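To start, the structure under review is shown below, and the notes come after it.
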Protein chains: 2
Amino acid sequence: MLAIGTLAKRTGTKVQTIRYYEQIGLLPEPGRTEGGQRRYGNADLDRLAFIRHARQLGFTLEAIRELLNLSDNPPRSCAEVDVIAHRQLKEVEARIARLEALRTELKRMLRECSRETISDCRVLEVLRDHGACLADHQTGA
Amino acid sequence: MLAIGTLAKRTGTKVQTIRYYEQIGLLPEPGRTEGGQRRYGNADLDRLAFIRHARQLGFTLEAIRELLNLSDNPPRSCAEVDVIAHRQLKEVEARIARLEALRTELKRMLRECSRETISDCRVLEVLRDHGACLADHQTGA
DNA sequence: GCTTGAACCTCTACCTACTGTAGCTTGTAG
DNA sequence: CTACAAGCTACAGTAGGTAGAGGTTCAAGC
Ligand SMILES: [Zn+2]
Ligand SMILES: [Zn+2]
Ligand SMILES: [Zn+2]
Ligand SMILES: [Zn+2]
C-alpha cells in the first residue's frame, strides 16, 4: 500500500491534486490507516496514471471521467471512446488554427515596427486598430 | 456620453466584463449620472477597444496593463512594447508546438484503433501507457 | 405627467484545474 | 521515546470572466 506522497511521486502529480481528484469523484475514496492517512493500491496507481496521461494530451476532466466510465465496460464498443478522442482532436486543431493566426499577426507587427518611440510603434498602432491587422481573430478563445 | 450597454455593443464586450475591468483597475472609474449609472466618453471607448483587441491577440490582462501604461508615454522608446509583444509571440509559438504534438498523437491513436470493443481500443491503450505513445508531452501546460 | 419595462446597479457565487497556506496530527527512523 | 517529515482538513487564491438575485433608474409612449 502506498502513502499519498509515494503515489504522487510515482505519477508526477502533486499531493493536493490527488486529494482534489478524490474530492471531485475522479478517484475513489481510498482506504485509511487507523490514524486517518490515505493508503493506495495498484488500481489507484493505474487510474491516476491514466488521468495524468489524458490530461497531458489535453483532455478535460469531464472527458476523462467519461473515458474512465467507458473503460470499465470492456465488452462494449469503443465507438464512444473514439468520439471523445475525435472531439478532442477537433478542439486541438481549432486551437492551433487560432494560434497560428495570432503568430502571423504578432510577427508582422514586430517586423514592421521601426523600434523608435512609443508614438510611432507599429505594435501599439495595430493593437489600437484592428483595421491595421490582417489576422482573422474574431472568433472565440 | 455612452451608457455601459452601448459601450458593450460597440466593443463586443459583455457589460459584466466592462465592470470587471473597472474593478481590477484596467479601465478608469467613469463618471456617473445622478442616479448612479456609468457614463463613458470616447477615451474609454478607445481604451476598451485596445484591451479587447489585445485580448483577441492572446495578451494577458497583466501584459495589457503594461502596454497601456507604456502607451501613455508617447515620447519614450517603444523597446519595452516590443519586448512584451515578443514575449507573447514566444508564448504563442510554444503553445502551438505543444498542441501540434498532441494533434499528432491523437491522430495516430484514432488511426490505429480497430473500432471494435473497449478492451482492444487503441485510444484507451495509449492513454493507459505513455510507452505506447510517441508524443513528447512531458512539459507544462 | 405618469407608467412601464428595458437597462442599470451591487453583491455574491460559479467556472476549470489546480495550487498554496495555516494549524494541527500521524507515522517512522534512529 | 523523541524528532520531524509527511500526513490531515479547511479555506483562499489563480485567470478571465460569466450568471443570477434582488433592487433602482432612465427614457419612450401615451
Ligand atoms: Zn514598437
Ligand atoms: Zn486584429
Ligand atoms: Zn477505439
Ligand atoms: Zn504519452
Side-chain angles (χ1 to χ4, degrees), chain A residues 1-27 29-40 44 48 50-68 88 91-92 95 98 102 137 140-141, chain B residues 1-27 29-40 44 48 50-68 87-88 91-92 95 98 102 137 139-141:
Chain A
M1 299 303 264
L2 311 170
I4 196 168
T6 316
L7 183 65
K9 250 168 228 153
R10 295 255 187 106
T11 56
T13 314
K14 302 225 163 158
V15 166
Q16 294 103 306
T17 304
I18 297 175
R19 291 198 280 246
Y20 170 69
Y21 287 162
E22 177 186 329
Q23 194 189 311
I24 63 168
L26 211 54
L27 285 177
E29 289 186 25
R32 300 265 186 160
T33 63
E34 280 184 28
Q37 298 197 358
R38 292 170 178 82
R39 287 298 179 265
Y40 297 93
D44 298 305
L48 182 54
F50 182 98
I51 294 169
R52 295 309 291 174
H53 195 206
R55 283 295 297 136
Q56 286 180 338
L57 285 161
F59 288 89
T60 63
L61 294 181
E62 250 346 279
I64 293 170
R65 200 188 291 275
E66 291 181 66
L67 289 171
L68 285 167
Q88 174 61 13
E91 176 70 31
V92 166
R95 281 157 68 192
R98 178 167 151 74
L102 302 192
H137 51 69
Chain B
M1 299 302 264
L2 309 171
I4 196 169
T6 316
L7 184 66
K9 251 170 226 152
R10 295 255 188 106
T11 56
T13 314
K14 303 225 164 157
V15 165
Q16 294 104 305
T17 304
I18 297 175
R19 290 198 280 245
Y20 170 70
Y21 288 162
E22 178 185 328
Q23 194 190 310
I24 63 170
L26 210 54
L27 285 177
E29 288 187 23
R32 302 263 186 160
T33 63
E34 281 185 26
Q37 300 197 357
R38 292 169 178 82
R39 288 297 179 266
Y40 297 93
D44 299 303
L48 182 53
F50 182 98
I51 294 169
R52 295 309 291 174
H53 196 205
R55 284 295 296 136
Q56 286 179 339
L57 285 162
F59 288 90
T60 64
L61 294 180
E62 248 348 276
I64 293 169
R65 202 189 291 275
E66 290 180 67
L67 289 170
L68 286 166
R87 198 206 298 150
Q88 173 63 13
E91 175 70 32
V92 166
R95 281 157 68 191
R98 177 167 152 73
L102 302 192
H137 51 71
T139 41

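Heavy atoms only: backbone and side chains are in, while hydrogens, waters and symmetry mates are out. Throughout, a chain's letter reflects where its sequence line sits, starting with A, and its residues are numbered from 1. Just so it is clear, the structure is predicted and the values come from calculations on it, not from any experiment.
Inter-residue side-chain proximity for Arg39(A) and Ile4(A) is flagged as unmet; no heavy-atom pair is nearer than 4.5 Å.
Nearest-nucleotide assignment on DNA chain D puts the 5′-proximal partner with Ala3(A), out of Arg55(B) and Ala3(A).
Here Arg38(A) does not reach the OP1 or OP2 of dT26(C): none of its side-chain N or O atoms lies under 4.0 Å away. Note on Arg39(A): every side-chain N or O is 4.0 Å or more away from OP1 and OP2 of dA6(D). Between Arg19(B) and dA7(C) there is no side-chain N or O to OP1 or OP2 distance below 4.0 Å. One finds no side-chain N or O of Thr33(B) lying less than 4.0 angstrom from the OP1 or OP2 phosphate oxygen of dC8(C). Residue Tyr21(A) places at least one side-chain N or O closer than 4.0 Å to OP1 or OP2 of dC18(C). Under 4.0 angstrom from either OP1 or OP2 of dA17(C) there lies no side-chain N or O belonging to Thr17(A). Phosphate proximity of dG20(C) to Lys14(A): present, with a side-chain N or O under 4.0 Å from OP1 or OP2.
Comparing atom distances between the Gln37(A) side chain and each of dC8(D), dT25(D), dT18(D) picks out dC8(D) as nearest.
At a threshold of 4.0 angstrom between heavy atoms, the contacts of Arg52(B) are confined to the sugar-phosphate backbone, with no base atom among them. Residue-level contact check: Ile4(B) touches the backbone only, with heavy atoms under 4.0 Å from sugar-phosphate atoms and none from bases.
Distance Ile51(A) CD1 to dA17(C) P: 12 Å, rounded to the nearest Å.
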